[in-house]
Amino acid sequence: MATVNLSNSPITQVSQTPVQTNLQPQLLTRLLLDLRGKRFSVDRETIMNLPESVLLCLFPNGLVLSRQSAALSDGGGDNDDYEELYAVDFDPDCFSYVLNFFRTASEAFYGTPTSPGLFAAQQHLVEGSSPTSDFAPSSSQNPLLTKQAIIVLREELEYFSIPPKNGKATTNADGIANDELLDIKRKSGDYLLQRRNIFTALQRNVSKENNVAEQHLIDMLCMSGFDRDDEWGYRAMEPSRCCISSIALVLLKTGIIHSTGPNGEKQVNIDYAQMGTAQKLLLFWRKPARKCWWDGIEVNLAEPGEPDKIVKLWARRVWTLELSLV
C-alpha cells in the first residue's frame, strides 16, 4: 500500500491566508455632491431626510451610502469621514433652498444648543396621558407629535410655443429652429417664469373643467399650510430646455398650538379637527403623488411699440405632492 504524501494533498496545499473578517461596507458619513459645477458637502442624515421626490431627481439610478471598497479594507484608519464625489444634474440654487428650509425647520422644532425648540414645549403630549378623542396623541400612531412635518410641492412645466402663421418663426429641413423661433421660445419661457402664483393654473383648469377633485386638492393644501395667493419658493428655467422647475415648501399645520400664558409660561393646546386634516397628509409620507394636466393660453409677446405678437402657449404641468418628516 502506497504511503500518502501529505505535502501533495490538495487539502494541505491550500494557501493558509488570513480570513478577512470585516466584510461589512463602511457607511459614508458625508457625501460630496457636484451639482452642475457647484459642490456641496452634505452629511448622510441630511441626505436621508430629503423628500423622496427630490432624491429621485438627484439620484435617478439610486444611491449607495457605503464605500464599496471598504469590504477589501481593514475598516480602520482615519477615513471615516471620507467624502465620495457624485456628479448630479440638479439645480444647485434649488438644492440650497431645500437644504436651508429643512435646516431652519429642524432647528425651530428641535432647538439649538442655546435655544429650546417647540418639541421641548410639547414633550408632555407624548409622555402624558391621552385625552378621549379620535385623534388622541400617541407617539407610536401619530408621528406629528414628535417630528417636524413639511409639505413638499413640486412642478415640472414643459412648454410649447406655437408662433403666428404669418410670422417668420420656423424650422429648417432638419427641424432646427431659426432665430425668430428661438426668440419666441425664450420670451415664452420668461413670461411663464414670472407667473409665480402656485394655484393660478390649477384654479383655471378647475374653472374650465369644473373638476371637483382638483378643487378639493387646492382646499386641502390651503387648510394644511398653504395660502391661496402663495408663490413658488423657488422657480427657474432648466438649461437648454423649454422646461421650468418649481418647488414650494411649507410647514404642515398640525393643530398643535403654542402660546404664552399670562405669567409667561409656555402653553400647548391641540385643535383636533386640524390634527385630523393633517393626519390625512401622512398618506403622502415617502409616497409622492403625481398629477399631470395640459394648460393652454394665448399671450402677447410684443415689445412696447411693436405690433401684437400673439402666441399660443401649451404647457404640460406635472405636480408632485409629498410629506416629509424630519
Side-chain angles (χ1 to χ4, degrees), residues 27-33 35 38-52 54-55 58 65 78-84 90-131 137-153 224-227 230-234 247-271 274-275 278-279 281-282 285-286 322-326:
L27 290 178
L28 296 173
T29 58
R30 300 189 69 83
L31 282 86
L32 186 61
L33 306 179
L35 276 67
K38 186 174 182 179
R39 293 194 173 186
F40 295 81
S41 180
V42 188
D43 62 78
R44 182 176 69 244
E45 184 179 358
T46 299
I47 289 290
M48 297 305 297
N49 282 333
L50 290 177
E52 190 80 7
V54 173
L55 285 174
L58 290 169
L65 289 175
D78 299 326
N79 295 324
D80 291 342
D81 293 329
Y82 177 82
E83 296 178 347
E84 294 267 351
F90 192 78
D91 190 327
D93 294 330
C94 181
F95 190 60
S96 294
Y97 166 73
V98 174
L99 289 180
N100 291 336
F101 190 98
F102 271 62
R103 180 175 60 251
T104 302
S106 180
E107 290 176 352
F109 187 75
Y110 295 107
T112 63
T114 58
S115 175
L118 298 177
F119 181 62
Q122 65 189 51
Q123 186 80 29
H124 66 281
L125 297 177
V126 181
E127 300 171 349
S129 59
S130 300
S138 172
S139 58
S140 60
Q141 299 178 359
N142 187 1
L144 299 181
L145 295 174
T146 57
K147 298 288 186 179
Q148 176 67 76
I150 301 173
I151 305 176
V152 183
L153 183 63
S224 302
F226 285 96
D227 289 327
D230 272 350
E231 296 183 348
W232 293 105
Y234 182 81
I247 187 170
L249 305 171
V250 299
L251 300 180
L252 175 65
K253 291 182 179 178
T254 60
I256 302 176
I257 304 170
H258 292 258
S259 59
T260 303
N263 297 323
E265 71 277 10
K266 300 284 187 178
Q267 295 183 342
V268 181
N269 297 293
I270 297 181
D271 180 342
Q274 181 63 43
M275 176 66 78
Q279 285 183 311
L281 284 172
L282 287 174
W285 178 42
R286 291 298 187 185
E322 182 181 359
L323 186 72
S324 287
L325 298 178
V326 296

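Atom set for the values below is all heavy atoms of this structure, side chains included, hydrogens, waters and symmetry mates excluded.
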Discussion item. Less than 4.5 Å apart, side chain to side chain, heavy atoms only: is that true for Leu58 and Phe95?
Written reply: yes

CZ of Arg103 to OG1 of Thr46, rounded to nearest 0.5 Å, is 8.5 Å

Tell me whether Gln122 contacts the main-chain N or O of Ile256 through its side chain, where contact means a donor paired with an acceptor under 3.5 Å. no

Which of Thr146, Ile150, Asn49, Leu144 passes side-chain contact (heavy atoms from CB on, under 4.5 Å) with Leu325? It is Leu144

Closest heavy-atom pair, Asp230 versus Gly225, reported as atoms and distance to 0.1 Å, is OD2-O, 4.5 Å

Rounding to 0.5 Å, atoms CD (Glu107) and OG1 (Thr104) come to a distance of 6.0 Å

Carefully, step by step, assess Tyr234 and Asp91 under the rule side-chain contact (heavy atoms from CB on, under 4.5 Å). CA-CA 10 Å; Tyr234 182 81; Asp91 190 327; 2.7 Å; yes

Correct closest heavy-atom pair for Val268 and His258 would be CG2-ND1, 3.7 Å

task = Determine whether Leu33 and Ile47 make a side-chain contact, defined as any pair of heavy atoms from C-beta on separated by less than 4.5 Å.
result = yes

For Ile247 and Cys94, the nearest pair of non-hydrogen atoms, with its separation, is CG2-SG, 3.8 Å

CG of Leu35 to CZ of Phe90, rounded to nearest 0.5 Å, is 7.5 Å

Heavy-atom donor-acceptor pair, Gln279 side chain to Asn142 backbone, under 3.5 Å: no

**Request:** Please tell me if the side chains of Met275 and Leu145 come closer than 4.5 Å, counting only heavy atoms from C-beta onward.
**Result:** yes

> Are Lys38 and Asp93 side-chain neighbours, meaning at least one heavy-atom pair lies under 4.5 Å?
Replying inline: yes

Exercise. Can Phe226 and Lys253 be said to form a side-chain contact (heavy atoms from CB on, under 4.5 Å), step by step?
Worked result: CA-CA 9 Å; Phe226 285 96; Lys253 291 182 179 178; over 6 Å; no

Hey, does Val326 have a side-chain heavy atom less than 4.5 Å from the side chain of Phe109?
no

Correct closest heavy-atom pair for Pro51 and Val152 would be CG-CG2, 3.6 Å

On a heavy-atom basis, the closest approach of Ser224 and Ile151 is O-CD1, 3.6 Å

If only atom types and distance count, is the side chain of Ser106 paired as donor or acceptor with the main-chain N or O of Phe102 below 3.5 Å? no

Shortest non-hydrogen pair, Phe40 vs Ser96, comes out as CE2-OG, 3.3 Å

Rounding to 0.5 Å, atoms CG (Leu125) and CD1 (Ile270) come to a distance of 4.5 Å

Would the distance check show the side chain of Ser115 and the main-chain N or O of Gly111 forming a donor-acceptor pair, the cut-off being under 3.5 Å? no

| message | Is the shortest side-chain heavy-atom distance between Pro262 and Gln267 below 4.5 Å? | response | yes

